[in-house]
Amino acid sequence: MASALAAALLAGCAMAPRGAPRESGAVFYPPPPNPPRVQWLTMFTGERDLGPNQSGFARFVLGDTPKARLMQPYGVALFRGKLYVADSRAPGLAVFDLVQHRFSLVTGSGNGRMKRPINVTVDVDGTKYVTDTGRDRVLVFDDNDRFVSAFGTDGQFKPVDCAIAGDRLYVVDIQHHQVQVLDKRSGALRFTFGTAGSRTGELFHPTNIAIGPDGDVYVVETSNFRVQRFTSEGRPVRVYGEIGTAPGTFARPKGIALDRDGRLYVGDSAFENVQVFDNRGGLLLYFGQPGDGGEGLSLPTQVTIDYDHVDLFRRYADPRFSVEYVILVSSQFGPNKVDVFGYGRMRGVDYPPDDGPGAKTP
């Protein structure tokens, strides 16, 4: 029963507020007359999005070969010029080399064979932790994408996401409604926090996790329609959000990321958008929308913020828009599988002081 419900929570439904394109054809959020803070830049659906990687003569001799496509992605991560996408139906890690313009698929072998990878987290040394709900394990791969080890024992957890802080690996266990904290090198269990329920400190179907710049742990609870914040030791700090249909509330929250200023980016697979909150829980704006257009989201899952690869995406931005960091949003369905947005400022536009990423959107 728990497995079936967990599988249902990793799907979703539909409906969302819409943003608005500007005269240039670029899509910005929030909509006018607010000054723009977020621009949709590009998307990745498969190998073709890397551009041609064969010479004209090779294509003449060999013909056009079918290009690999993402099937049902969930987690995304950027590291050293490569975009890693956990594709639950491949199953494996799709790797987009954004520098060499090459595509590959890491499936693992033997004890490292992936069955239903949901999320991928990359450490500073390139070690990758893949949460696999088909294996009920956290699979560990090294900097060269070679399998190293598998964390977990039978019945220990159904891991759906993880986050790294120092030598700790925080693993979200959707089946037991808790977070298990492991040693990131050995996989040994240090402690757990959370138990099934809806009171402060309790969790109900947690799905995604992020570590804030303050060191606190932020957990998305899909069935409690909220984000809960804990200290690094698992003590509850505060709760963000509640069930609802208006902006600032949640219907099916999943992905989460925090920027360096502590703003929360929370994806909602029912609204099919990403809502941005200040660290006190005030809504700043939302972006993304359902549909088949350039910026359309379809059952979005993970949200990732990256400061290190802005130069790889700057060419997609409006020449007047200065991008500070990029935001990646994965969708399980629809034509767009991984959408890339840029956060920044439009040159020559006056912004309110201390407005965060944008004026509050009505």
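Nothing fancy with the numbering, it's 1 onward along the sequence. When reading the values below, keep in mind they use all heavy atoms of this one structure, side chains included, and skip hydrogens, waters and symmetry mates.
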Worksheet, complete the sentence: Scanning both residues in full, the closest heavy-atom pair of F321 with V38 reads CZ-N, 4.1 Å
Worksheet item: Hey, does F225 have a side-chain heavy atom less than 4.5 Å from the side chain of T249?
Response: no
Worksheet item: Can a donor-acceptor pair be found between the side chains of S198 and N224 at a distance below 3.5 Å?
Response: yes
Fill in: Cation-pi geometry met for R238 and Y240 (6.0 Å, 45°)
yes
Worksheet item: Would you say K128's side chain and G126's backbone share a donor-acceptor pair under 3.5 angstrom?
Response: yes
Item to complete: Might you point out which heavy atoms bring V76 and S330 nearest each other, and give the distance in Å?
Response: CG1-CB, 3.9 Å
Worksheet item: Looking only at atom types and distance, does a side-chain atom of D261 sit under 3.5 Å from a main-chain N or O of R263, one as donor and one as acceptor?
Response: no
Discussion item. Are the side chains of N279 and L258 in contact, using a 4.5 Å heavy-atom criterion?
Written reply: yes
Practice prompt. For residues Y265 and F277, establish whether the separation of their ring centroids is below 6.0 Å.
Written response: no
Worksheet item: Quick one: does T231's side chain have a donor or acceptor within less than 3.5 Å of a partner on R235's backbone?
Response: yes
Discussion item. Is any side-chain heavy atom of L328 closer than 4.5 Å to one of L78?
Written reply: yes
Worksheet entry | Steps toward salt bridge (charged side-chain N to carboxylate O under 4.0 Å, His left out) verdict (R229, D214) | CA-CA 11 Å; R229 177 179 170 185; D214 50 17; 2.9 Å; yes
Item to complete: Please work out whether the ring planes of Y29 and F287 are parallel, tilted or perpendicular, with thresholds of 30° and 60°.
Response: tilted
Discussion item. Under 4.0 Å between a side-chain nitrogen and a carboxylate oxygen: does that hold for D154 and R137?
Written reply: yes
Worksheet item: Would a hydrophobic clustering, with Ile, Leu, Val, Met, Phe, Trp and Tyr connected at side-chain separations under 4.5 Å, put F204 with V237?
Response: no
Worksheet entry | Y74 and V85: CA distance, side-chain angles, deciding distance, side-chain contact (heavy atoms from CB on, under 4.5 Å) verdict | CA-CA 7 Å; Y74 197 110; V85 183; over 6 Å; no
Discussion item. With a 4.5 Å cut-off on side-chain heavy-atom distances among I, L, V, M, F, W and Y, is there a chain of contacts connecting V27 to F341?
Written reply: yes
Fill in: From CA spacing to verdict: salt bridge (charged side-chain N to carboxylate O under 4.0 Å, His left out), R69, D49
CA-CA 10 Å; R69 293 180 58 85; D49 296 311; over 6 Å; no
Item to complete: Write down the atom of L297, the atom of G288, and the distance for their closest heavy-atom approach.
Response: CD1-CA, 3.9 Å
Worksheet item: Can you tell me if N336 uses its side chain to pair, donor with acceptor, with the backbone of D339 under 3.5 Å?
Response: no
Worksheet, complete the sentence: Value for NZ (K115) from OG1 (T107), rounded to nearest 0.5 Å, stands at 15.0 Å
Practice prompt. Without swapping roles, check the side chain of T304 against the backbone of A77 for a donor-acceptor pair under 3.5 Å.
Written response: no
Discussion item. Less than 4.5 Å apart, side chain to side chain, heavy atoms only: is that true for P300 and V329?
Written reply: yes
Worksheet item: Minimum heavy-atom separation for T222 to R252, with atom names?
Response: CG2-CG, 3.8 Å
Worksheet item: Can you say whether the rings of F141 and F147 are parallel (under 30°), tilted (30 to 60°) or perpendicular (over 60°)?
Response: perpendicular
Discussion item. Can a donor-acceptor pair be found, under 3.5 Å and without considering hydrogens, that links the side chain of E202 to the backbone of T195?
Written reply: no
Worksheet item: Do other residues, nucleotides or ligands put more than 12 heavy atoms under 6.0 Å from the CG atom of N111?
Response: no
Fill in: Pair F79 and Y84, ring centroids less than 6.0 Å apart
no
Worksheet, complete the sentence: Interatomic distance, CD1@I164 vs OG1@T127, rounded to 0.5 Å, equals 7.5 Å
Worksheet item: Does one side chain, of Q302 or N208, offer a donor that lies under 3.5 Å from an acceptor on the other?
Response: yes
Worksheet item: Checking D97 side chain against V99 main chain: does a donor-acceptor pair fall under 3.5 Å?
Response: yes
Item to complete: Check the angle between the aromatic planes of F151 and Y129 and answer parallel, tilted or perpendicular using the 30° and 60° thresholds.
Response: tilted
Worksheet item: When you measure from the centre of the six-membered ring of Y307, is the NZ or CZ of R260 under 6.0 Å away and within 45° of the axis?
Response: yes
Worksheet item: Does V219 belong to the same Ile/Leu/Val/Met/Phe/Trp/Tyr cluster as V138, with side-chain heavy atoms less than 4.5 Å apart forming each link?
Response: no
Practice prompt. Indicate yes or no: at least one non-hydrogen side-chain atom of V266 is less than 4.5 angstrom from one of F250.
Written response: yes
Item to complete: Identify whether L312 and Y316 are in the same connected component of the hydrophobic contact network (ILVMFWY, side-chain heavy atoms under 4.5 Å).
Response: yes
Discussion item. Using the rule given for side-chain contact (heavy atoms from CB on, under 4.5 Å), can you reason through S322 versus R347, listing the C-alpha separation, both sets of side-chain angles and the distance that settles it, and then say yes or no?
Written reply: CA-CA 7 Å; S322 178; R347 297 183 185 92; 4.0 Å; yes
Response to the item:
Test side chain to side chain contact (heavy atoms under 4.5 Å, CB included), reference D311, set R315, R314, H309, output is R314
Worksheet item: Are any side-chain N or O atoms of Q39 and backbone N or O atoms of D318, one a donor and one an acceptor, separated by less than 3.5 Å?
Response: yes
Worksheet item: Do the side chains of R168 and F191 get nearer than 4.5 Å, heavy atoms only?
Response: yes
Discussion item. Tell me if a side-chain donor or acceptor on D87 pairs with a main-chain N or O of Q72 at a distance below 3.5 Å.
Written reply: yes
Fill in: Distance in Å, D136 CG paired with T131 OG1, rounded so as to fall on 0.5 Å steps
11.0 Å
Item to complete: Any chance you could measure R102, atom CZ, to E47, atom CD, to the nearest 0.5 Å?
Response: 11.5 Å
Discussion item. To the closest 0.5 Å, what do you measure between CD1 (I211) and CG (D216)?
Written reply: 8.5 Å
Worksheet item: Rounded to the nearest 0.5 Å, what separation is found between the CZ atom of R226 and the OG1 atom of T200?
Response: 6.0 Å
Practice prompt. Would you please test Q228 and E221 for side chain to side chain donor-acceptor pair (under 3.5 Å) and show each step?
Written response: CA-CA 7 Å; Q228 192 164 181; E221 299 176 68; 2.8 Å; yes
Fill in: Linked, directly or transitively: Y325 and L285 (ILVMFWY side chains, under 4.5 Å)
yes
Item to complete: Report yes if the side chains of V171 and L169 come closer than 4.5 Å at any heavy-atom pair, otherwise no.
Response: yes
Worksheet item: If you take all heavy atoms of A251 and P253, which pair is closest and at what distance?
Response: C-CD, 3.8 Å
Discussion item. Between D268 and K254, is the salt bridge (charged side-chain N to carboxylate O under 4.0 Å, His left out) condition met? List the steps.
Written reply: CA-CA 6 Å; D268 196 301; K254 288 186 180 176; over 6 Å; no
Worksheet item: Crowded around R185 CZ? As in, over 12 foreign heavy atoms under 6.0 Å?
Response: no
Discussion item. Which heavy atom of P117 sits nearest to which heavy atom of G92, and what is that distance?
Written reply: CG-N, 3.5 Å
Practice prompt. May I have the step-by-step check of side-chain contact (heavy atoms from CB on, under 4.5 Å) for I209 and V179, ending in yes or no?
Written response: CA-CA 9 Å; I209 190 170; V179 174; 4.2 Å; yes
Fill in: Neighbour count >12 (heavy atoms, 6.0 Å) for atom CG, D125
yes
Worksheet entry | Side chain D173, main chain H177, donor-acceptor under 3.5 Å | no
Item to complete: Would you indicate whether the side-chain heavy atoms of L189 and Q180 approach each other to under 4.5 Å?
Response: yes
Discussion item. Against the six-membered ring of Y351, is R345 placed for a cation-pi contact (under 6.0 Å from the centre, within 45° of the normal)?
Written reply: yes
Item to complete: Kindly assign one of parallel, tilted or perpendicular to the pair F44 and F313, based on the angle between their ring planes and the thresholds 30° and 60°.
Response: perpendicular
